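Okay, structure first, notes after.
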Amino acid sequence: MFSIPGKQAVTMTPAAVKQITKLMDRDGRHGLRIGVKKGGCAGMEYTMDYVDEADPSDETVEQDGARVMIAPMAQMFLFGTEIDYEVSLLESGFKFRNPNVTDACGCGESIKFKDVSELEAEQANNV
């Protein structure tokens, strides 16, 4: 849907690839679906769900055995995002480094994106 020929919609760090592959293997899943939904103090939140079967309208990204599917309504918001997996003494989890984010709440759980018209214009300029 929102893509540039020859460029993946999202990329994954080696740590994210390792964790996604581990989750896929452990639970016998096809991959993880990522998306966005309204919520949080900044307006939007990332979502991640297990996938047993790919949806034809999803954008599928495979990297070194890890597979993520991007929900159709989230594709323009996630294009160019790097997915990482970080472990610290207090927490561990997936982190999204997204160039389309303009603001985030203090806890980092919710985000605000550029205006849709800005995202579409940037995509058109990158083609």
Side-chain angles (χ1 to χ4, degrees):
M1 180 181 257
F2 290 89
S3 64
I4 296 174
K7 183 172 179 175
Q8 289 189 339
V10 299
T11 58
M12 296 171 263
T13 65
V17 166
K18 182 178 177 181
Q19 183 65 19
I20 291 169
T21 304
K22 179 180 170 182
L23 292 171
M24 288 170 56
D25 292 345
R26 181 189 74 190
D27 297 327
R29 304 295 182 136
H30 184 70
L32 295 175
R33 179 174 290 117
I34 58 174
V36 294
K37 68 177 183 175
K38 289 185 179 187
C41 50
M44 302 289 281
E45 297 175 320
Y46 293 110
T47 63
M48 291 188 90
D49 298 298
Y50 288 110
V51 175
D52 290 322
E53 175 177 315
D55 184 317
S57 59
D58 287 345
E59 175 78 21
T60 300
V61 176
E62 294 188 50
Q63 186 177 319
D64 300 324
R67 186 178 305 112
V68 294
M69 279 63 78
I70 307 169
M73 296 305 290
Q75 291 173 9
M76 89 168 106
F77 297 108
L78 296 175
F79 192 81
T81 297
E82 178 186 65
I83 303 169
D84 194 8
Y85 187 78
E86 296 178 356
V87 177
S88 72
L89 288 174
L90 296 176
E91 65 182 1
S92 62
F94 289 100
K95 304 292 181 188
F96 294 82
R97 292 188 190 97
N98 187 334
N100 304 309
V101 170
T102 59
D103 197 12
C105 67
C107 66
E109 292 297 318
S110 70
I111 64 262
K112 181 178 179 184
F113 292 104
K114 295 176 185 174
D115 184 80
V116 172
S117 60
E118 289 179 76
L119 291 172
E120 290 172 339
E122 286 180 10
Q123 171 121 17
N125 289 334
N126 288 329
V127 176

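These numbers were taken from a predicted model, which means no experiment stands behind them. Scope of the values below: all heavy atoms of this structure, side chains included, with no hydrogens, waters or symmetry mates.
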*Go through the structure and list residues passing side-chain contact (heavy atoms from CB on, under 4.5 Å) with Lys18, not counting sequence neighbours.*
none
*State, to 0.1 Å, how close Ala74 and Gly35 come at their nearest heavy-atom pair, and which atoms those are.*
CB-CA, 3.6 Å
*Quick one: does Thr81's side chain have a donor or acceptor within less than 3.5 Å of a partner on Val10's backbone?*
no
*Measure the shortest side-chain to side-chain distance between Ile70 and Phe79 over non-hydrogen atoms and say whether it is less than 4.5 angstrom.*
no
*Grab the two heavy atoms, one from Met24 and one from Ala66, that are nearest each other, plus how far apart they are.*
SD-CA, 4.1 Å
_Sequence-distant partners of Thr21, side-chain hydrogen bond (donor to acceptor under 3.5 Å, both in side chains), two or more places apart_ = none
*asked:* Per the salt bridge (charged side-chain N to carboxylate O under 4.0 Å, His left out) rule, what does the pair list look like for residues 20-32, sequence neighbours excluded?
replied: Arg29-Asp52
*Quick one: pull up CZ in Phe77 and CG in Asn98 and give me the separation to the nearest 0.5 Å.*
10.0 Å
*asked:* What's the separation between atom CD1 in Ile34 and atom CG in Leu78, rounded to the nearest 0.5 Å?
replied: 5.0 Å
_side-chain hydrogen bond (donor to acceptor under 3.5 Å, both in side chains) partners for Asp49, two or more places apart_ = none
*To the nearest 0.5 angstrom, please state how far the CD atom of Glu82 sits from the OG1 atom of Thr11.*
4.5 Å
*Ala9 versus Glu59, closest heavy-atom pair with distance*: CB-CG, 4.0 Å
_Least distance between heavy atoms, Pro99 atom then Gly80 atom_ = CD-O, 3.4 Å
*Please write out which residues are connected to Val51 in a hydrophobic cluster, directly or through intermediates, given that two of Ile, Leu, Val, Met, Phe, Trp, Tyr count as joined at side-chain heavy-atom separations below 4.5 angstrom.*
Met69
*Who passes side-chain hydrogen bond (donor to acceptor under 3.5 Å, both in side chains) against Asp58, sequence neighbours left out?*
Arg33
_Step-by-step side-chain contact (heavy atoms from CB on, under 4.5 Å) determination, Gln63 to Ile20_ = CA-CA 10 Å; Gln63 186 177 319; Ile20 291 169; over 6 Å; no
*Under 3.5 Å: donor-acceptor pair, side chain of Arg67, backbone of His30*: yes
Under 3.5 Å, side-chain donor or acceptor atoms of residues 83-90 against the rest of the protein: list the pairs with distances, not counting sequence neighbours.
from	atom 1	to	atom 2	distance (Å)
Asp84	OD1	Thr13	OG1	2.6
Asp84	OD2	Arg97	NH1	3.2
Asp84	OD2	Arg97	NH2	2.8
Tyr85	OH	Ser92	OG	3.4
Glu86	OE2	Arg97	NH2	3.0
Ser88	OG	Leu90	N	3.4
Ser88	OG	Glu91	N	3.2
Ser88	OG	Glu91	O	3.0

